[in-house]
2 protein chains.
Amino acid sequence: MTTERTGTGVRTVVEPTLSEAEAAMAGALERGDLLTVFGRCSVDYEGRASSTLGPGDRHVTAKPDGTVLVHTDEGQQPVNWQPPGCSQRVERVEGGDEGTDADDDAPLRLVSTRESPDEELVVSFESVRQVSAFAVDDGESLSLTGSEEDLRQRVLESPDLVEPGFQPLVTERRTAAGAVDIFGEDADGNVVVVELKRKRVGPDAVGQLTRYVDALERDLHADATVRGILVAPSVTDRARRMLADRGLEFSAVEPPSEGE
Amino acid sequence: MTTERTGTGVRTVVEPTLSEAEAAMAGALERGDLLTVFGRCSVDYEGRASSTLGPGDRHVTAKPDGTVLVHTDEGQQPVNWQPPGCSQRVERVEGGDEGTDADDDAPLRLVSTRESPDEELVVSFESVRQVSAFAVDDGESLSLTGSEEDLRQRVLESPDLVEPGFQPLVTERRTAAGAVDIFGEDADGNVVVVELKRKRVGPDAVGQLTRYVDALERDLHADATVRGILVAPSVTDRARRMLADRGLEFSAVEPPSEGE
DNA sequence: AAATAGATTTCGTCC
DNA sequence: GGACGAAGTCTATTT
């Protein structure tokens with residue numbers, strides 16, 4: 001086993017005994033560090049669903065905000081996790097009758113729990129290869145371009161992109177079926193409902209637009225024509241057919257990128 | 001700087017120079033290890049959208065399957081990432097005119113790219129606190145209970161949970177609007193469309209069921225009555241109202257848990 | 001490669 | 001705290 005303690009916020013223990021790993025993990029949780037553990041473990045989860053995962057090498061992260069992530073060597077998503085706000089503790093299975101110390105062979109457990117919903121994640125390490133604790137200093141936040149919000153601004157600045165003469169009146173207009181992205185009227189004064197999507201749309205988006213158009217037709221009574229326009233970069237074949245069946249329309253508009 | 005090389009598949013470098021970090025990272029990528037880097041970095045992404053992230057301490061993971069994850073001290077989701085299948089490389093910004101070596105102050109970059117869609121993620125380290133490489137041995141896969149698939153099996157085994165006399169006929173029956181979860185008939189011989197959800201449902205699920213019912217009514221022509229039943233643990237108020245407006249129904253069924 | 005829908009989705013926003 | 005919808009969603013399945 002080797003211990004590193006540096007003055008720059010990194011503490012690492014390599015090939016610790018389970019008791020040494022326990023101490024290092026407890027210290028990291030105590031200090032509010034970002035904790036990572038690599039070792040052979042099994043994982044059990046019970047809460048919104050239930051899962052079990054047999055023994056294998058995994059990389060486990062516990063963040064100071066209460067997040068826990070268990071990653072295998074494959075996949076972008078963790079194989080098991082716990083969301084922010086959970087409480088973490090490390091524990092050793094109780095030893096024999098007389099001993100107060102934990103059995104040296106007993107697994108080391110990282111337990112994460114929360115209430116509402118009641119959930120528990122247990123990572124049981126049979127061996128630990130590395131424990132690291134990091135003091136994180138991060139004040140910056142992400143700046144992102146190309147979201148649906150960016151597309152909305154683009155359409156509000158240049159309504160003609162939807163169709164010549166389109167006039168946006170309100171965003172997020174409420175209906176019995178939910179809030180409409182953009183509510184406006186066309187060159188002839190007809191009511192227009194616009195549903196925005198930042199990428200190619202499928203049947204679900206058509207369903208959404210349908211719900212809003214139907215709801216507005218009821219709200220505004222029978223006399224007024226309500227047009228529904230799906231605004232997105234492109235549509236799938238089935239979605240295009242569904243739009244046609246329902247008398248709805250599509251207008252191709254790209255979300256702004258980088259500079260625009 | 002301290003280097004650890006153990007016989008059990010863990011290599012760790014603490015407080016390396018950028019050149020030392022570069023070598024450690026390149027070796028890990030070469031060997032197909034799970035690579036982790038903790039350090040101060042900026043992140044730029046360009047692809048399906050664009051994003052920038054200013055300097056801060058982050059934990060970066062590169063998996064042998066091509067996944068890259070950049071985590072801050074907060075949140076379950078990575079602040080930036082690259083999906084499985086991407087290609088990674090480490091590089092140093094080119095030095096001055098005459099030198100062949102990289103400028104010692106030039107940032108160390110982890111670059112991840114893929115095509116279709118064209119995406120690039122660049123993590124620029126101004127300092128590195130730790131580089132670790134792990135040889136992962138994991139043969140086990142996750143076993144999970146409580147999914148929609150489990151709910152489907154429960155309903156197929158006990159159709160009366162939906163309503164007395166319900167008879168499932170086909171699963172995944174195709175319609176013009178997509179595949180129906182369970183297609184069957186009720187005690188009176190009416191066509192029944194069942195949409196399953198493992199948790200409390202909102203307006204989107206009602207929209208889905210509506211699409212399938214509408215599509216089937218057209219497919220089967222006008223004479224037959226098509227009932228639509230949303231099967232889930234519970235419904236939101238608005239969803240319940242939308243169901244009523246459309247003449248659709250709700251039946252409360254929980255997905256099986258643990259033992260069941 | 002594209003399409004479709006589920007997910008212990010997570011995340012933000014608004015009520 | 002619940003409800004609702006976006007997301008660089010990811011992931012599995014099917015065409």
Side-chain angles (χ1 to χ4, degrees), chain A residues 45-51 67-69 74-86 114 116-121 142 144-152 172 174 177-181 195-205 207-208 211-212 234-239 255 257, chain B residues 45-51 67 69 74-85 114-121 142 144-152 172 174-175 177-181 195-205 207-208 211-212 234-239 255 257:
Chain A
Y45 160 76
E46 180 105 31
R48 287 169 287 174
S50 304
S51 74
T67 300
V68 177
L69 304 169
E74 291 184 328
Q76 178 174 339
Q77 296 305 127
V79 64
N80 278 111
W81 69 91
Q82 203 73 308
C86 294
R114 73 159 166 171
S116 108
D118 202 339
E119 290 186 301
E120 186 182 58
L121 180 74
L142 189 75
L144 188 142
T145 307
S147 64
E148 179 178 308
E149 168 63 18
D150 294 320
L151 175 58
R152 184 172 68 90
E172 295 295 312
R174 316 295 182 72
V180 166
D181 282 340
E195 174 63 27
L196 302 169
K197 292 295 169 188
R198 63 173 300 280
K199 61 175 196 178
R200 186 173 176 85
V201 289
D204 56 341
Q208 231 179 311
R211 280 156 47 198
Y212 300 147
S234 59
V235 225
T236 66
D237 281 353
R238 177 178 281 164
S257 54
Chain B
Y45 161 76
E46 180 105 31
R48 286 169 287 175
S50 304
S51 74
T67 300
L69 305 168
E74 292 183 327
Q76 178 174 340
Q77 295 306 126
V79 65
N80 277 111
W81 69 91
Q82 203 73 309
R114 73 159 167 170
E115 303 164 6
S116 109
D118 202 339
E119 290 186 299
E120 186 182 58
L121 180 73
L142 189 74
L144 188 141
T145 307
S147 64
E148 180 178 308
E149 169 61 19
D150 293 320
L151 175 58
R152 184 172 68 90
E172 295 295 310
R174 317 294 184 71
T175 75
V180 166
D181 282 342
E195 174 63 27
L196 301 169
K197 293 295 170 190
R198 65 174 298 283
K199 61 175 196 178
R200 186 173 175 86
V201 289
D204 56 340
Q208 231 178 313
R211 280 155 48 200
Y212 300 147
S234 59
V235 226
T236 66
D237 281 352
R238 178 177 281 164
S257 54

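Computed from heavy atoms alone, side chains included, the values below leave out hydrogens, waters and symmetry copies. Each chain gets a letter, A, B and so on, in the order the sequences are listed, and its residues count up from 1.
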Are A:Asp204 and B:Arg211 side-chain neighbours, meaning at least one heavy-atom pair lies under 4.5 Å?
->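 They are in side-chain contact.
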
So, for [X] and [Y], which heavy atoms are closest and what is the spacing to 0.1 Å?
X: B:Pro203; Y: B:Ala239; result: N-CB, 4.0 Å
X: B:Arg114; Y: B:Gln82; result: N-NE2, 4.5 Å
X: A:Pro255; Y: A:Gly146; result: CB-O, 4.1 Å
X: A:Lys197; Y: A:Ala205; result: CE-CB, 4.1 Å

Anything under 3.5 Å between a protein N or O and an N or O of nucleotides 13-15 of chain C, put it in a table, one pair a line.
from, atom 1, to, atom 2, distance (Å)
C:dC15, OP1, A:Arg174, NH2, 2.2

Between which nucleotides of DNA chain D, read 5' to 3', does contact with chain B run, using atoms under 4.0 Å from its heavy atoms?
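Boundary nucleotides touching chain B, in 5' to 3' order, are D:dA3 to D:dT15.
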
Can you tell me, in whole Å, how much space there is between the [atom1] of [N] and that of [M]?
N: D:dT9; M: D:dG5; atom1: C1'; answer: 13 Å
N: D:dT11; M: D:dA7; atom1: C1'; answer: 15 Å
N: C:dT10; M: C:dG6; atom1: C1'; answer: 14 Å
N: C:dA7; M: C:dC11; atom1: C1'; answer: 14 Å

Return the set of residues passing side-chain contact (heavy atoms from CB on, under 4.5 Å) with B:Gln76 (not counting sequence neighbours), or none when no residue passes.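 In terms of side-chain contact (heavy atoms from CB on, under 4.5 Å), with neighbours along the sequence ignored, B:Gln76 is linked to A:Thr67, A:Leu69, A:Trp81, A:Pro83, A:Pro84.
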
Practice task
Go through the structure and list residues passing side-chain contact (heavy atoms from CB on, under 4.5 Å) with B:Ser51, not counting sequence neighbours.
Solution key: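 In terms of side-chain contact (heavy atoms from CB on, under 4.5 Å), with neighbours along the sequence ignored, B:Ser51 is linked to A:Leu142, A:Leu144, B:Tyr45, B:Asn80.
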
Tell me if a side-chain donor or acceptor on A:Arg174 pairs with a main-chain N or O of A:Ala179 at a distance below 3.5 Å.
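No, because the side chain of A:Arg174 does not come within donor-acceptor range (under 3.5 Å) of the backbone of A:Ala179.
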
- Keeping the roles fixed (side chain from A:Arg198, backbone from B:Arg48), state whether a donor-acceptor pair exists under 3.5 Å.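 Checking the backbone N and O of B:Arg48 against the side chain of A:Arg198, a donor-acceptor pair under 3.5 Å is found.
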
Read 5' to 3' with Watson-Crick or G-U pairs under 3.5 Å, [ ] for crossing pairs and | for partners on another strand, DNA chain C gives |||||||.|||||||

- Message: If I take atom CD from residue A:Glu46 and atom CD from residue A:Glu120, how far apart are they, to the nearest 0.5 angstrom?
- Response: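 Rounded to the nearest 0.5 Å, the CD-CD separation comes to 8.5 Å.
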
Protein-proximity profile, nucleotides 3-9 of chain C, B/S/- by nucleotide at the 4.0 Å heavy-atom cutoff, equals SSSSSBS

Decide side-chain contact (heavy atoms from CB on, under 4.5 Å) for A:Glu148 and A:Asp181; before the verdict, give the C-alpha distance in whole Å, the side-chain angles of both, and the deciding distance to 0.1 Å.
CA-CA 10 Å; A:Glu148 179 178 308; A:Asp181 282 340; 3.5 Å; yes

